[in-house]
Amino acid sequence: DLELPVNHGKGHTIWVNSKCNAVLNDKGKVVGLRGIIQDITERKRADERLRQSEQELGKFKFFSDRANDMHFLLDRHGSILYANRKASERLGFSETELLAMNIRDVATQAKDRFEEIYIRSQQVTVPPFEGMYRSRDGAIFPAEVSATVLEIRDEWLMFVTARDITERKLAEQRVREAALHDVLTGL
């Protein structure tokens with residue numbers, strides 16, 4: 001097999017796959033060639049589109065894995081199709097373990113609200129909301145969650161970004177306590 005570009009008679013280049021066998025006479029001498037040439041231009045174009053898509057996905061994964069927030073890509077049922085490095089680190093599960101899970105396994109609010117949020121996100125932009133996440137060790141922590149549902153190649157997928165807001169919640173608690181208690185008198 002030989003794949004090569006060929007100048008078409010109409011002035012453009014096509015890709016062909018050429019297969020060729022020698023035709024031998026009675027004495028074993030080559031007297032001709034027998035072969036087939038197949039136009040593989042569309043396959044080459046599809047291969048190039050796939051290569052470009054893989055490059056784009058690689059760029060996304062590069063940046064996503066270095067983000068400070070947890071990223072998840074979910075299907076219609078909440079199955080985790082992608083989880084970034086921060087999700088693995090913060091939740092204490094390997095990427096392989098997360099990919100075998102459903103978002104309901106780690107996001108406590110998803111048990112009751114996933115379907116509602118998913119359907120609403122298909123129609124309007126859902127503002128960020130607070131949710132709770134459960135790590136492998138059972139610890140529960142608050143997160144600010146953004147969810148977007150988009151149709152990609154005839155499939156609806158949800159992209160979720162979850163930011164751990166534990167420190168912010170603790171700071172808010174300290175401010176509330178300071179507002180209600182006089183530090184000097186202890187009242």
Side-chain angles (χ1 to χ4, degrees), residues 43 45-181 183 186:
R43 190 191 82 204
R45 287 180 185 150
D47 288 348
E48 178 60 20
R49 286 190 304 271
L50 178 61
R51 188 189 65 72
Q52 289 175 352
S53 291
E54 288 172 346
Q55 281 183 333
E56 292 299 315
L57 182 60
K59 288 177 192 175
F60 166 78
K61 189 165 172 30
F62 175 83
F63 286 105
S64 180
D65 278 343
R66 284 150 184 82
N68 289 323
D69 299 334
M70 296 181 290
H71 292 172
F72 300 95
L73 185 63
L74 312 172
D75 72 7
R76 174 79 181 90
H77 307 289
S79 296
I80 299 172
L81 305 175
Y82 168 78
N84 71 345
R85 188 178 304 159
K86 180 58 91 176
S88 286
E89 290 169 3
R90 184 62 184 95
L91 296 171
F93 295 100
S94 70
E95 181 182 355
T96 303
E97 290 172 314
L98 284 171
L99 295 180
M101 298 171 84
N102 189 289
I103 194 66
R104 292 170 180 90
D105 298 327
V106 293
T108 61
Q109 80 282 354
K111 290 185 188 331
D112 300 324
R113 299 191 56 213
F114 176 77
E115 192 72 26
E116 169 201 340
I117 294 167
Y118 192 92
I119 291 168
R120 277 189 50 219
S121 293
Q122 285 178 303
Q123 301 160 354
V124 297
T125 300
V126 175
F129 56 93
E130 289 187 11
M132 303 298 281
Y133 280 76
R134 179 180 294 112
S135 62
R136 177 190 282 281
D137 65 7
I140 295 176
F141 62 93
E144 181 180 80
V145 180
S146 296
T148 305
V149 175
L150 297 170
E151 186 177 17
I152 302 171
R153 296 186 190 112
D154 298 325
E155 182 179 16
W156 287 91
L157 299 173
M158 178 184 273
F159 182 72
V160 175
T161 300
R163 173 172 291 164
D164 184 343
I165 56 172
T166 303
E167 292 301 318
R168 183 171 81 191
K169 287 295 190 181
L170 291 172
E172 289 171 359
Q173 174 87 20
R174 287 191 294 273
V175 168
R176 277 193 303 277
E177 289 173 2
L180 297 174
H181 296 83
V183 182

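Counting begins at 1 with the first residue of the sequence.
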Decide side chain to side chain contact (heavy atoms under 4.5 Å, CB included) for Met70 and Val160; before the verdict, give the C-alpha distance in whole Å, the side-chain angles of both, and the deciding distance to 0.1 Å. CA-CA 8 Å; Met70 296 181 290; Val160 175; over 6 Å; no
Would you mind listing every side-chain hydrogen bond (donor to acceptor under 3.5 Å, both in side chains) that reaches into residues 121-135, with sequence neighbours excluded? Glu130-Lys169, Ser135-Asp137
Measure the spacing between CZ of Arg66 and NZ of Lys61 and express it to the nearest 0.5 Å. 9.0 Å
Do Leu73 and Met158 pass the side chain to side chain contact (heavy atoms under 4.5 Å, CB included) test, and can you show the C-alpha distance, the side-chain angles, and the key distance before you say yes or no? CA-CA 6 Å; Leu73 185 63; Met158 178 184 273; over 6 Å; no
Would you please name every residue forming a ring-ring contact (aromatic ring centres under 6.0 Å, His included) with Phe114, sequence neighbours left out? Tyr118
Test side-chain hydrogen bond (donor to acceptor under 3.5 Å, both in side chains) on Arg49 and Gln52; report intermediate values, then the result. CA-CA 5 Å; Arg49 286 190 304 271; Gln52 289 175 352; over 6 Å; no
What are the two closest heavy atoms between Ala83 and Leu98, and how far apart are they? CB-CD1, 3.7 Å
Residues at least two apart in sequence or cross-chain that pass side-chain contact (heavy atoms from CB on, under 4.5 Å) with Glu116, listed by chain then number, are Arg113, Arg120
How close do Val126 and Ile117 get, counting heavy atoms only, and between which atoms? CG2-O, 4.4 Å
Any residue meeting salt bridge (Lys or Arg N to Asp or Glu O under 4.0 Å) with Arg136, in chain and number order, not counting sequence neighbours: Glu97
How would you list, by chain and number, every residue that makes a salt bridge (Lys or Arg N to Asp or Glu O under 4.0 Å) with Arg174, sequence neighbours excluded? none
For side chain to side chain contact (heavy atoms under 4.5 Å, CB included), just list the numbers for Leu99 and Leu81, CA-CA rounded to whole Å, side-chain angles, deciding distance to a tenth of an Å, and then say yes or no. CA-CA 6 Å; Leu99 295 180; Leu81 305 175; 5.6 Å; no
What donor-acceptor contacts under 3.5 angstrom involve side-chain atoms of residues 140-156, with partners at least two apart or in another chain?
none

Here the side-chain hydrogen bond (donor to acceptor under 3.5 Å, both in side chains) pairs for residues 67-91, sequence neighbours left out, are Ser64-His71, Ser64-Tyr82, Asp65-Tyr82, Asp69-Arg163, Arg76-Glu115, Arg90-Asp164
Is a side-chain N or O of Asp105 found less than 3.5 angstrom from the main chain of Asn102, in a donor-acceptor match? yes
I'd like to check Ile80 versus Leu74 (side-chain heavy atoms, cut-off strictly below 4.5 Å). Are they in contact? yes
Spacing of CD belonging to Glu172 relative to CD1 belonging to Ile165, to within rounding of 0.5 Å: 7.0 Å
Sequence neighbours excluded, the answer for side-chain hydrogen bond (donor to acceptor under 3.5 Å, both in side chains) partners of Glu167 is none
